[in-house]
Amino acid sequence: MDQKLYSRSHILDTLNATDQWDVIVIGGGATGLGVAMDSISRGYKTLLLEQVDYAKGTSSRSTKLVHGGVRYLAQGNIDLVKEALYERGLLAKNAPHLVKNQDFVIPNYRWWEGFYYTIGLKVYDFLAGKLSLGKSSHISKEKTIDRLPTLKQDGLYGGVLYKDGQFDDSRLAVNIAQTCLEMGATLLNHFKVVDLLQNSNGTIIGVAASDTETGQTYNFKSDLVINATGVFTDDILKMEDPDAKKTVVPSQGVHLVFDKSYLPGDDAIMIPKTTDGRVLFAVPWHDKVLVGTTDTNLEDHSLEPRAQKEEIEFILKTFNNYLSRPVAREDVRSIFAGLRPLAAPKDESEKTKEISRSHKVIVSKTGLVTITGGKWTTFRRMAQDTINKAIAIGKLPKRPCKTKNLPIHGAMPVTNRDNHMYIYGTDKEGIAAMISADNTLGEKLHPRLPFVKAEVIWAARYEMARTVEDVLARRVRALFLDADAAIRMAPEVARLLANELGKSDAWQKEQSESFTAMAKYYCIKYN
Ligand SMILES: Cc1cc2nc3c(=O)[nH]c(=O)nc-3n(C[C@H](O)[C@H](O)[C@H](O)COP(=O)(O)OP(=O)(O)OC[C@H]3O[C@@H](n4cnc5c(N)ncnc54)[C@H](O)[C@@H]3O)c2cc1C
């Protein structure tokens with residue numbers, strides 16, 4: 001791999017060498033990265049700016065499912081499910097190193113549930129068509145216990161087994177960013193859009209942005225600016241019109257992470273109806289178990305949303321309803337919260353569960369194109385629709401979409417997932433070579449987690465990681481897997497990063513401290 005391609009100084013040079021962009025994308029989450037990938041693969045000169053880091057927002061805080069959404073099926077939203085199942089199939093082909101075929105079991109504690117969910121999931125399989133991941137089936141009580149040995153057995157009738165996709169969200173984001181750079185796009189993290197540039201008619205002609213590392217501000221010109229900022233959408237819309245109406249409302253979803261011993265084996269649990277009418281998942285993820293989520297309406301959005309006490313209690317209680325060995329608060333290894341960017345209801349009576357989960361492309365009077373809603377699974381289709389819309393309104397010359405069969409950086413089939421490095425796909429060899437050249441880089445950063453020193457250096461050289469948080473939250477998932485271990489890893493990660501990026505001792509100290517201050521809210525003892 002050509003290290004230069006991913007280096008910040010090189011990317012800044014390409015930035016300064018371009019006067020006029022075809023497309024400027026604001027936001028480096030699933031949506032913005034998807035749009036940049038679609039745009040550059042059609043050959044448009046593309047710039048993407050992300051204020052903190054790729055997937056810093058909602059896109060690193062999902063349930064990690066590549067799915068059609070069994071819940072939407074129950075709501076009769078057939079088109080949405082069909083579209084997502086199709087995209088699930090494409091993503092499994094284009095990023096096979098990241099998307100895993102995951103077995104889910106719905107445990108049945110009422111006699112009719114086995115029949116009811118088997119029929120529903122047969123419809124789910126049917127909607128996936130040729131891209132189905134395998135057939136659903138009803139399984140006996142004995143088989144259910146075999147697959148889920150920690151499940152509460154009292155009153156259990158049996159289970160329904162179905163298949164869906166499971167992935168690593170922020171790693172996919174980083175791999176998409178690399179794919180874009182490799183195709184010639186310019187992408188920068190730690191670069192915040194602070195204003196929209198408008199001509200005398202009010203039409204958007206670019207953005208003003210600030211490099212948050214240096215404080216330097218720039219003006220970038222383009223006739224097409226795409227707002228892909230998730231729950232921050234209205235902040236951008238207010239830059240063009242301070243009186244703009246609210247278009248997005250945040251709904252918070254919390255996850256708790258436990259040791260794998262609470263859900264040994266390979267299967268996930270899907271609880272189709274909790275006491276508040278939601279779906280709860282317990283999913284094996286990087287040798288831990290991820291349990292969530294909630295759906296809490298919030299007034300305001302932030303970059304670091306905090307779980308509410310009631311949300312934590314709700315997940316513990318609901319999970320325990322299904323376990324023979326209960327989990328306690330102290331067993332929580334990490335807590336993370338994410339914000340769904342839901343379309344704002346038209347009137348007060350609409351509730352979050354009924355608000356549309358499909359995506360929307362909106363064109364403002366100023367020509368600004370905004371893409372909101374949707375989900376990780378459908379990021380490719382959302383991008384295709386966004387760029388097609390820009391073509392339809394005459395902002396871009398017509399060219400066909402190229403992303404249906406576009407392999408994402410690292411793509412290779414994976415059969416053995418015993419070593420945690422499988423997630424790097426084709427990059428695994430490069431990291432192994434680094435370790436062979438210097439054995440000390442094979443040392444673990446913390447005994448409770450598998451991550452090694454070489455991964456920090458790799459993240460800085462090839463994955464645009466600029467801070468301790470970039471590494472521990474989104475390149476390796478330490479913060480989301482075991483927050484206390486992540487805090488203990490921070491000083492060594494700061495040292496390795498400082499060495500690699502040529503930073504001072506003061507920088508190292510500040511990085512370690514600021515990471516710790518943020519990360520403690522992922523620890524149960526501070527919640
Ligand atoms: C709890 C939860 C669970 C979910 N689970 C799943 C799941 O299992 N499967 C699935 O398919 N989907 C899931 N989703 C949905 C999915 O995660 C989101 O739809 C998706 O991540 C949204 O991506 P986004 O890019 O629109 O927003 P974000 O990821 O929030 O990205 C927006 C980005 O814009 C940046 N930004 C904002 N303002 C500026 C600015 N001025 N300048 C530059 N950058 C800026 C932000 O820093 C941020 O990184 C889940 C969502 C939640 C909340």
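Order of appearance sets the numbers: ligands from 1, and atoms from 1 within every ligand.
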So Ser222 and Lys45, do their side chains get closer than 4.5 Å, heavy atoms only? no
Is there at least one pair of N or O atoms, one from Ile26 and one from ligand 1, spaced under 3.5 Å apart? no
Any N or O of Trp376 closer than 3.5 Å to N or O of ligand 1: yes
Should the pair Lys64 and Phe480 be classed as cation-pi, given the thresholds of under 6.0 Å to the six-membered ring centre and 45° from the axis? yes
Would you say Val193 has any N or O atom under 3.5 Å from an N or O of ligand 1, going by distance alone? yes
Nearest non-hydrogen protein atom, atom 25 (O) of ligand 1: Thr31 N, 3.0 Å
Report yes if some N/O of Thr63 lies less than 3.5 Å from some N/O of ligand 1; otherwise report no. yes
Ligand 1 contacted by Val231 (non-hydrogen, < 4.0 Å): no
Tell me the protein heavy atom at minimum distance from atom 53 (C) of ligand 1, and give that distance in Å. Arg340 CG, 3.3 Å
Taking atom 36 (N) of ligand 1 as the reference point, the nearest protein heavy atom with its distance: Gln51 NE2, 3.5 Å
Of all protein heavy atoms, the one nearest atom 31 (O) of ligand 1 is Gly29 CA, 3.5 Å
Shortest protein heavy-atom distance from atom 7 (C) of ligand 1, along with the residue and atom involved: Leu65 O, 3.5 Å
So which protein heavy atom does atom 21 (O) of ligand 1 come closest to, and at what separation? Ser59 OG, 2.8 Å
Please report whether ligand 1 has a polar contact with Thr293, defined as an N or O pair separated by less than 3.5 Å (distance criterion only). no
How are the rings of Tyr262 and Phe258 set to each other: parallel, tilted or perpendicular (split at 30° and 60°)? perpendicular
For atom 49 (O) of ligand 1, the protein heavy atom that lies nearest, with its residue and separation: Glu50 OE1, 2.7 Å
Atoms of ligand 1, numbered as shown, that sit under 4.0 Å from any heavy atom of Gly338: 53 (C)
Any idea which atoms of ligand 1 are less than 4.0 Å away from a heavy-atom of Leu339? 53 (C)
Atom 50 (C) of ligand 1: the protein heavy-atom neighbour that sits closest, reported with distance to 0.1 Å: Ser62 CB, 3.9 Å
Return yes when Val254 approaches ligand 1 closer than 4.0 angstrom through a heavy atom, no otherwise. no
